[in-house]
Amino acid sequence: MEIMVLLIIWACVCGAIGMFIGDLGDKHNGKTGLALGAVLGPIGWIVVAVLPPDNTTEVKTKVFQPETDTQRKIAHLEAQIAELKRGTKPAAKPPARMSYDDNGQIPTYKLD
C-alpha cells in the first residue's frame, strides 16, 4: 500500500516537472510534458525538452495577413469605405477639371 502511494506521489511530482519543462520558452508543450513526466519520469523530461514547439496555439491566434499586393489593396480600400460610412473622415475633394493647352495636344489639370 505504501509503495502505491509513493508511486502516485512520484508520478505527480514528475508530471509537474515535465509540465514546467514543456512550457519553458513558449513551447506550449505543458500537457505533453505532464503526461510524459508522469509516465516516464526523468526520461520523459528529456523527451519533452527536445520536442519542437507546439504550433497549434499559434495558428488559432494568428491574425490574418493578406498575402498578395491585390489583397492588401482591397483590405485598405475596404477599411477606407468603412471609415467613410462611419463619417469619421471628410469627403475627398472632387477631381480637378481637365483642360487642354492652346494646341489641344497635352492634357493638363487646372487648379481651382
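Throughout, residue positions are numbered sequentially from 1 according to the sequence presented.
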Starting from [X] and following side-chain heavy-atom contacts under 4.5 Å between hydrophobic residues (I, L, V, M, F, W, Y), which residues can be reached?
X: Trp10; answer: none
X: Leu77; answer: none
X: Leu6; answer: none

Could you grab the distance from atom SG of Cys14 to atom CG of Leu36, nearest 0.5 Å is fine?
->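 The distance works out to 12.0 Å.
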
Starting at CD1 of Ile81, measure out to CD1 of Ile74 and round the result to the nearest 0.5 Å.
->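 Here the rounded value is 10.5 Å.
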
Is Ile8 reachable from Val39 through a run of I, L, V, M, F, W or Y residues, each pair having side-chain heavy atoms under 4.5 Å apart?
-> no

Taking side-chain contact (heavy atoms from CB on, under 4.5 Å) as the definition, give me every residue that meets it alongside [X], ordered by chain and number, with sequence neighbours left out.
X: Leu24; answer: Phe20
X: Ile46; answer: none
X: Ile9; answer: Val5, Val13
X: Leu34; answer: Met19

For atom CG of Leu51, is the number of surrounding heavy atoms from other residues, nucleotides or ligands below 6.0 Å larger than 12?
->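 Yes, CG of Leu51 has more than 12 neighbouring heavy atoms, counting only those of other groups under 6.0 Å.
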
How would you list, by chain and number, every residue that makes a salt bridge (charged side-chain N to carboxylate O under 4.0 Å, His left out) with Lys31, sequence neighbours excluded?
-> none

Are Asp23 and Asn29 side-chain neighbours, meaning at least one heavy-atom pair lies under 4.5 Å?
-> no

